[in-house]
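Reminder, nothing fancy here: chain letters follow the sequence lines and each chain counts from 1.
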Amino acid sequence: MTQYTDISGWSREQMAQRLAQDIPDGAYVNLGIGIPELVTRFVPEGREFIYHTENGLLGMGPSPAEGDGDPELINAGKRHVTANDGAAFFHHADSFAMIRGGHLDLSVLGAMQVAQDGDLANWSTGKPNAIPAVGGAMDLVAGVKQVFVITQHCTKSGEPKLVESCTFPLTGQNVVDRIYSDLAVIDVTPEGFRVVELCPGVDFKTVQELTGAPLLPANQ
Amino acid sequence: MTQYTDISGWSREQMAQRLAQDIPDGAYVNLGIGIPELVTRFVPEGREFIYHTENGLLGMGPSPAEGDGDPELINAGKRHVTANDGAAFFHHADSFAMIRGGHLDLSVLGAMQVAQDGDLANWSTGKPNAIPAVGGAMDLVAGVKQVFVITQHCTKSGEPKLVESCTFPLTGQNVVDRIYSDLAVIDVTPEGFRVVELCPGVDFKTVQELTGAPLLPANQ
Amino acid sequence: MNDKRVLNAARAVADITDGSSIMVGGFGEAGSPIELIHALIDQGATDLTVISNNAGSGEVGLAALLKARRVSKVICSFPKSINSTVFPELYEEGFTELELVPQGTLAERIRAGGAGVPAFYTPTAVGTLLAEGKEIREFNGRRYLLEMGLTADFSLIKGHEADSHGNVIYNKTARNFAPIMAMAANTTIVQARKVVEPGVIDPEVVITPGIFVDRVVEVSDPAHESQLIAAGVTYQ
Amino acid sequence: MNDKRVLNAARAVADITDGSSIMVGGFGEAGSPIELIHALIDQGATDLTVISNNAGSGEVGLAALLKARRVSKVICSFPKSINSTVFPELYEEGFTELELVPQGTLAERIRAGGAGVPAFYTPTAVGTLLAEGKEIREFNGRRYLLEMGLTADFSLIKGHEADSHGNVIYNKTARNFAPIMAMAANTTIVQARKVVEPGVIDPEVVITPGIFVDRVVEVSDPAHESQLIAAGVTYQ
């Protein structure tokens, strides 16, 4: 059986670039912490995405130059950011009204596990001694129109992250629409996982072997 | 029996003036349309009341000079007003958050009927052909810390407005704290109506005759 | 690009279909988007449900839309006004249905609709006629009514200044229902005295963030109901 | 007269008693009212319930209050941060209890508490561990959780500028939870860089109207957690 570590799939940047292709012009987007943040580097020409950060800013701009940061202008990951022309500040209840009320077009999140019915686990290992922390993830998956997951296809130890059903505590049920991994782009459909696109040089059989649930091919 | 029309009680201005004595300095006050609006003329020296109008202004000031009105700066009665220094504009959900959330100290309202248990009727005659209109009255009586009613003691035809139980549709149950009529100041207590003060020249017996429920004397 | 500007009021309301639910900003004349309403009259959509605090005055703006027999239902808190004869006639005739909602409950239902809250409890109207048929529930010894979030197909609102991203600021008490209606509609259409480039409005003072707005149209010198009525105007 | 100015942070927090519930503004360090928290540490109140999005960093501000063993319960969405060791230790020890609430639910519960809404339904957390023990109800074919409004005895918040009537404006993303916490507490205490006379702040740009604020104290050069931590400060 193929070892995950032997495969040369998309880089994190390539995954983010591939995902960015699927975001329409003018979309209101919330990006989770980590790989999702890379999306801002790959906005296709002629398009403009408006970034929402749940701590109260719409129209978030890039990081400021080193040393220019304002500790009162940060994103949800608590990093210094800037505000673009046309930005707006608002309080937390208004910010989550945008999320819960279905006003955001897209939430891009990392994952620990995604199940074939779209269940997502990305907030807790469920270990008894872990200090639980959930932030806004449950609100995002419950409220935003589309949820894209961007993640390595397997864990560092080679365990599939795409599974029949999640063993970690859920962030939300039936919430993921599409997964961008280093090996493939995969839709969550009523029939289960369906491959949309394979990373060049990676074949369907390999991806299936590294996935914990049945995959449907793209052209079926 | 005493005829209501024969009695010379407090004028509307005197009723408003008497009521104003009972409002503490710094109180946040919402004044209903009509007699309640007269309260602004009688703020006792050394006190400042902050007026809330439910259409989105805290710190409402007096009417502008004739011809200086701004059609976009009005009160709940849709009359031109001004904004004092220290005022704030806000939207309707925030305005009623102030009301429902118990942030206002006092609501002063007119009445069609007040029952001895504090039920208030002031929005509808209940006649089948009447076009119902409620505005913010039900929110005010449900949310504001204290509700004062200012009203003529009887209707124009001499019917008592203070009654055992209301026959008109209710605005709220057990909501009125105190009544300022042209004849007396009357508290709504767990034991029923209790006279706090009589208009000079008006005796208890007369007020009792013109009231549709038992009155308790002040010093009992 | 994120440019929500529309050429004129007619284009802004062109896709409103028969049977639509429409939130209309304003408290009395303050904040009433008269030019958008008149464009809607010209456009012809009918069998509308209108959600608005009042039901219009004279025969301009909202009252003119009613007078044109385009509104089958009104959801509002106060359908009576000085100079309001149109709604009473249609109501008595049985043409236009009325759902009367206390003003604060109306505001909170709209805000809830916009915030993805399907229902909430409120102390307002407990024990009154307006509680009939509604669930009552006790929390901490007090009784509350269950009220439902309210959304609409369209919102028509009047801003003071807007930018092309849809950020809006308002003028004084003309703000009233507009910010929450902007949140609660599938398509929110704003008329503003001035439409500016992004960056002109300070992000600290934006009242309605652009995410809640779909179309912005400049109406540089908007009419006021009272002035039209005083001038004897009727719109038809 | 309506003057809410207080001389200093110590006087502003003087009447906070043991066992109080306290909402503390801020998202990470942005908006954290460090000087009010330090005054509360000096003041000595203990057995506190703290409602705040995070549980502090380093050993300053909120983390220092925890470190001083004054907090028996934290209600928050994200108690872990870089540089956060104090809360984890107290949690593992069993000294400080944690009620974990999704961030949007926390915000909406606080806003509901301030708006007189005792309970509301939300889609967030349905089907998760955080739904355990909560009522589930279906509206229009979707399942929602019943969540309760949240209020507190005190709110400590950081504004940018305030006037003596209690009107407050904020700085950028330091706004976060402050406006809703100001609504939800019995007594709201604001520290602001500048306290001005009524009329200086334009009524159109006020974010927190004075009715929600009880005390205002000027802290002209407030500290930031990250700067204190970088400087090796621990407050005790």
### Task
Between chain C and each of B/Asp70, B/Asp139, B/Asn75, count heavy-atom pairs under 4.5 Å; write down the option with the most.
B/Asp139
### Where B/Pro71 and C/Ala30 come nearest, the two heavy atoms and their spacing
O-CB, 3.5 Å
### Query
Taking atom CD of B/Gln21 as the centre, does the number of heavy atoms from other residues, nucleotides or ligands within less than 6.0 Å exceed 12?
yes
### Task
Calculate, to the nearest 0.5 Å, the distance between atoms OG1 and CG belonging to C/Thr128 and B/Leu120 respectively.
11.5 Å
### Query
Distance from B/Met138 atom CE to C/Leu100 atom CG, nearest 0.5 Å?
7.5 Å
### Task
Give a yes or no on this: more than 12 heavy atoms of other residues, nucleotides or ligands lie within 6.0 Å of atom CZ of B/Arg79.
no
### Message
Can you confirm whether more than 12 heavy atoms, excluding those of B/Lys145, are under 6.0 Å from its NZ atom?
### Response
yes
### Task
Name the region of B/Ile99, side chain, backbone, both or neither, that has any atom closer than 4.5 Å to a heavy atom of chain C.
neither
### Query
Checking C/Thr173 side chain against B/Ile74 main chain: does a donor-acceptor pair fall under 3.5 Å?
yes
### Task
Would you mind checking which part of C/Ile207 comes under 4.5 Å of any heavy atom in chain B, side chain (CB onward), backbone (N, CA, C, O), both or neither?
neither
#### Entry: Check: C/Arg175 side chain, B/Phe89 main-chain N or O, donor-acceptor pair, under 3.5 Å
yes
### Task
Name the option with the most non-hydrogen atom pairs under 4.5 Å to chain C; the candidates are B/Gly135, B/Gly143, B/Ala83, B/Gly172.
B/Gly135
### Summary
Honestly, the part of B/Ser124 sitting under 4.5 Å from a heavy atom of chain C is neither
### Query
Got a salt bridge between C/Arg193 and B/Glu72, using NZ or NE/NH1/NH2 to carboxylate O under 4.0 Å?
yes
### Closest heavy-atom pair and its distance - B/Pro132, C/Tyr91
CD-OH, 3.8 Å
### Query
What heavy-atom pair brings C/Pro79 and B/Ala133 nearest, and what distance separates the two atoms?
CD-CB, 3.6 Å
### Query
For the atom pair CG (C/Leu130) and CG (B/Leu170), what is the distance rounded to the nearest 0.5 Å?
11.0 Å
#### Entry: Contacting region of C/Arg109 [heavy-atom separation from chain B under 4.5 Å]
neither
### Task
Below 4.5 Å from any heavy atom of chain B, which atoms of C/Ser32 appear? Answer side chain, backbone, both or neither.
neither
#### Entry: Donor-acceptor contact below 3.5 Å, side chain B/Arg100 vs main chain C/Gly104
yes
#### Entry: Salt bridge B/Lys78-C/Glu225, side-chain N to carboxylate O under 4.0 Å
no
### Task
Hey, could you give me the CG/CG distance between B/Leu57 and C/Asn176, rounded to the nearest 0.5 Å?
12.0 Å
## Note on the structure
On a heavy-atom basis, the closest approach of B/Pro169 and C/Leu129 is CB-CD1, 3.6 Å
### Between C/Phe27 and B/His92, ring centroids under 6.0 Å
yes
### Task
May I ask you to test the C/Gln103-B/Phe96 pair for a side-chain heavy-atom distance under 4.5 Å?
yes
### Message
Does atom CG (B/Asp68) have a neighbourhood of more than 12 heavy atoms from anything else shown, all under 6.0 Å?
### Response
yes
